[in-house]
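The structure under discussion appears below in the form of structure tokens.
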There are 2 protein chains.
Amino acid sequence: MHETARGEWRPTPQRAAVLEALRAADGFISAQALHAALVADGVTVGLTTVYRTLRLLETAGHVDVVRDSDGERLYRPRPDDGHRHYLVCRECGLSLAVDAEEVERWVTRIQRDIGFHAVNHTVELTGVCDGCLSGQADRRPDS
Amino acid sequence: MHETARGEWRPTPQRAAVLEALRAADGFISAQALHAALVADGVTVGLTTVYRTLRLLETAGHVDVVRDSDGERLYRPRPDDGHRHYLVCRECGLSLAVDAEEVERWVTRIQRDIGFHAVNHTVELTGVCDGCLSGQADRRPDS
DNA sequence: CTTAATGCAAAATCTTTGCATGAAC
DNA sequence: GTTCATGCAAAGATTTTGCATTAAG
């Protein structure tokens with residue numbers, strides 16, 4: 001090996017397309033939906049490649065990953081200033097970044113108080129946005 | 001209907017066993033692990049029944065559910081004073097309930113400010129406890 | 001006796017892997 | 001010319017559903 005030891009990235013049309021589609025989709029999107037969008041756009045790419053590319057992006061820390069209520073992984077390009085938390089509409093998928101400073105501080109304090117190390121936190125907020133509040137009344141808030 | 005309108009609960013040995021095993025396991029446990037434990041204990045119960053019972057408990061709000069990194073659902077009997085948040089050790093599974101009042105308040109305010117309704121929140125904290133901090137250095141904090 | 005619960009096997013998902021072909025360096 | 005990426009099909013894994021049998025009210 002005479003070049004980049006680790007970091008063997010190889011730019012291919014498929015990877016570029018996945019990245020572009022990922023950024024085009026606003027909010028979180030599943031691997032399958034992303035693949036469908038790509039195919040619909042006329043891009044020739046296999047579902048396998050979409051999964052593999054997303055896994056690479058995840059490993060490299062370039063996407064945030066959450067899970068929906070079915071356990072499906074949803075991806076979103078990470079805003080370049082670190083990780084964020086989102087409030088996602090269960091009905092239309094609208095996702096808004098929320099100010100999570102308080103939570104960040106809370107996590108830091110908990111970590112120190114309890115004596116844990118390398119604490120990761122995941123905060124997922126789902127609700128129903130104003131626009132979608134028209135004719136539905138199943139889930140109640142569980143707070 | 002002359003009795004309990006909804007709430008058609010039918011106490012069976014299997015359901016009792018699932019509940020007992022769930023309480024016996026300290027910390028979060030998967031449906032499959034729970035089933036394995038039951039079978040190992042000599043209880044005759046099908047995996048299907050375990051899943052169905054856990055789903056009922058979840059609907060009734062009697063268990064907290066989180067997902068591990070493989071997307072597997074993990075269940076834990078809910079302490080009878082509402083829902084809680086836990087800090088779980090990635091190494092040994094030790095789980096501690098943490099004071100989450102601040103987060104609850106934060107969620108309430110976000111909900112009001114942004115104009116969302118029926119907001120659910122999931123907060124998952126994972127780290128490494130003091131006891132396990134002896135020889136391991138893979139995941140870094142992502143905060 | 002009527003209604004619901006059980007459990008096996010099969011189905012339905014989402015995701016990963018084996019392997020031959022084709023593209024990138 | 002090597003080495004890595006692609007993509008199909010098949011395998012893996014977790015959870016749900018169909019349906020006949022059994023148990024509870």
Side-chain angles (χ1 to χ4, degrees), chain A residues 1-22 25 28-60 62-63 65-76 93, chain B residues 1-22 28-60 62-63 65-76:
Chain A
M1 16 137 141
H2 8 89
E3 287 217 273
T4 40
R6 78 267 318 260
E8 293 290 356
W9 221 249
R10 188 170 291 188
T12 67
Q14 288 89 346
R15 285 180 178 175
V18 170
L19 250 169
E20 189 192 358
L22 190 57
F28 287 92
I29 187 170
S30 70
Q32 314 242 6
L34 200 54
H35 177 246
L38 285 162
V39 170
D41 256 27
V43 180
T44 306
V45 64
L47 180 56
T48 308
T49 298
V50 173
Y51 272 112
R52 280 198 278 237
T53 303
L54 289 173
R55 189 111 85 62
L56 286 174
L57 290 171
E58 183 183 357
T59 301
H62 292 129
V63 293
V65 185
V66 300
R67 284 177 195 279
D68 70 6
S69 39
D70 295 327
E72 214 180 11
R73 275 183 156 91
L74 303 179
Y75 302 85
R76 187 189 200 285
Chain B
M1 23 151 121
H2 9 91
E3 286 218 273
T4 40
R6 77 269 313 264
E8 294 290 355
W9 221 249
R10 188 170 291 189
T12 68
Q14 288 90 344
R15 285 179 178 176
V18 169
L19 251 170
E20 188 192 359
L22 190 57
F28 288 92
I29 187 170
S30 71
Q32 313 240 9
L34 201 54
H35 177 245
L38 285 162
V39 171
D41 257 26
V43 180
T44 305
V45 63
L47 180 55
T48 307
T49 297
V50 173
Y51 272 110
R52 280 198 279 237
T53 303
L54 288 173
R55 190 111 86 59
L56 286 174
L57 290 171
E58 185 183 357
T59 301
H62 292 130
V63 294
V65 185
V66 300
R67 284 178 195 279
D68 70 5
S69 39
D70 294 328
E72 214 179 11
R73 274 183 156 91
L74 303 180
Y75 302 84
R76 186 187 199 289

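Lettering follows sequence order; numbering is per chain, from 1.
- With sequence neighbours excluded, the residues satisfying side-chain contact (heavy atoms from CB on, under 4.5 Å) with A:V63 are A:L22, A:L57, A:E58, A:V65, A:Y75.
- For A:A21 against A:L38, the heavy-atom pair with the smallest separation is CB-CD2, 3.6 Å.
- Atom-to-atom, CG of B:L19 to P of C:dA5 comes out at 15 Å; the value is rounded to the nearest Å.
- The shortest distance between the side-chain N/O atoms of B:T12 and the OP1/OP2 oxygens of D:dA23 is not below 4.0 Å.
- Distances shorter than 4.0 Å separate some side-chain N or O of B:Q14 from OP1 or OP2 on C:dG7.
- The CZ-C1' distance, from A:R15 to C:dA24, rounds to 11 Å in whole Å.
- Within residues 38-46 of chain B, no residue approaches DNA chain D, by heavy-atom distance under 4.0 Å.
- When base pairs are accepted only as Watson-Crick or G-U wobble with both N-N or N-O distances under 3.5 Å, DNA chain C takes part in stems of 3 or more pairs at C:1-25 with D:1-25.
- If you take CG on B:L19 and CG on B:L34, they are separated by 9.5 Å, rounding to the nearest 0.5 Å.
- Residues forming a side-chain contact (heavy atoms from CB on, under 4.5 Å) with A:A25 (at least two apart in sequence, or on another chain): A:I29.
- Summarising the geometry of A:S30 relative to A:A33, their closest heavy-atom pair is OG-N, 3.0 Å, with the distance given to 0.1 Å.
- One atom, NE2 of B:H35, and another, P of C:dT6, lie 12 Å apart when rounded to the nearest Å.
- Between the CG atom in A:D70 and the CD atom in A:E72 there is a gap of 6.5 Å [rounded to 0.5 Å].
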Sugar-phosphate or base contact per nucleotide [nucleotides 12-23 of chain C; S, B, -; heavy atom under 4.0 Å]: --SBBB------
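- With sequence neighbours left out, the side-chain hydrogen bond (donor to acceptor under 3.5 Å, both in side chains) criterion links A:R76 to A:Y86.
- Taking all atoms of both residues into account, the shortest heavy-atom contact from B:V50 to B:A31 is CG1-O, 3.7 Å.
- Nearest approach of B:V45 to B:V39, heavy atoms of both residues: O-CG2, 4.4 Å.
- Sequence neighbours left out, the pairs with a member in residues 36-53 of chain B that pass side-chain hydrogen bond (donor to acceptor under 3.5 Å, both in side chains) are B:Q32-B:Y51.
- Between the CG atom of B:L34 and the P atom of D:dT15 there is a distance of 12 Å, given to the nearest Å.
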Audit row: B:R15, B:L56, side-chain contact (heavy atoms from CB on, under 4.5 Å) steps and yes/no: CA-CA 10 Å; B:R15 285 179 178 176; B:L56 286 174; 3.5 Å; yes
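- Between B:E58 atom CD and D:dT14 atom P the separation is 17 Å, expressed in whole Å.
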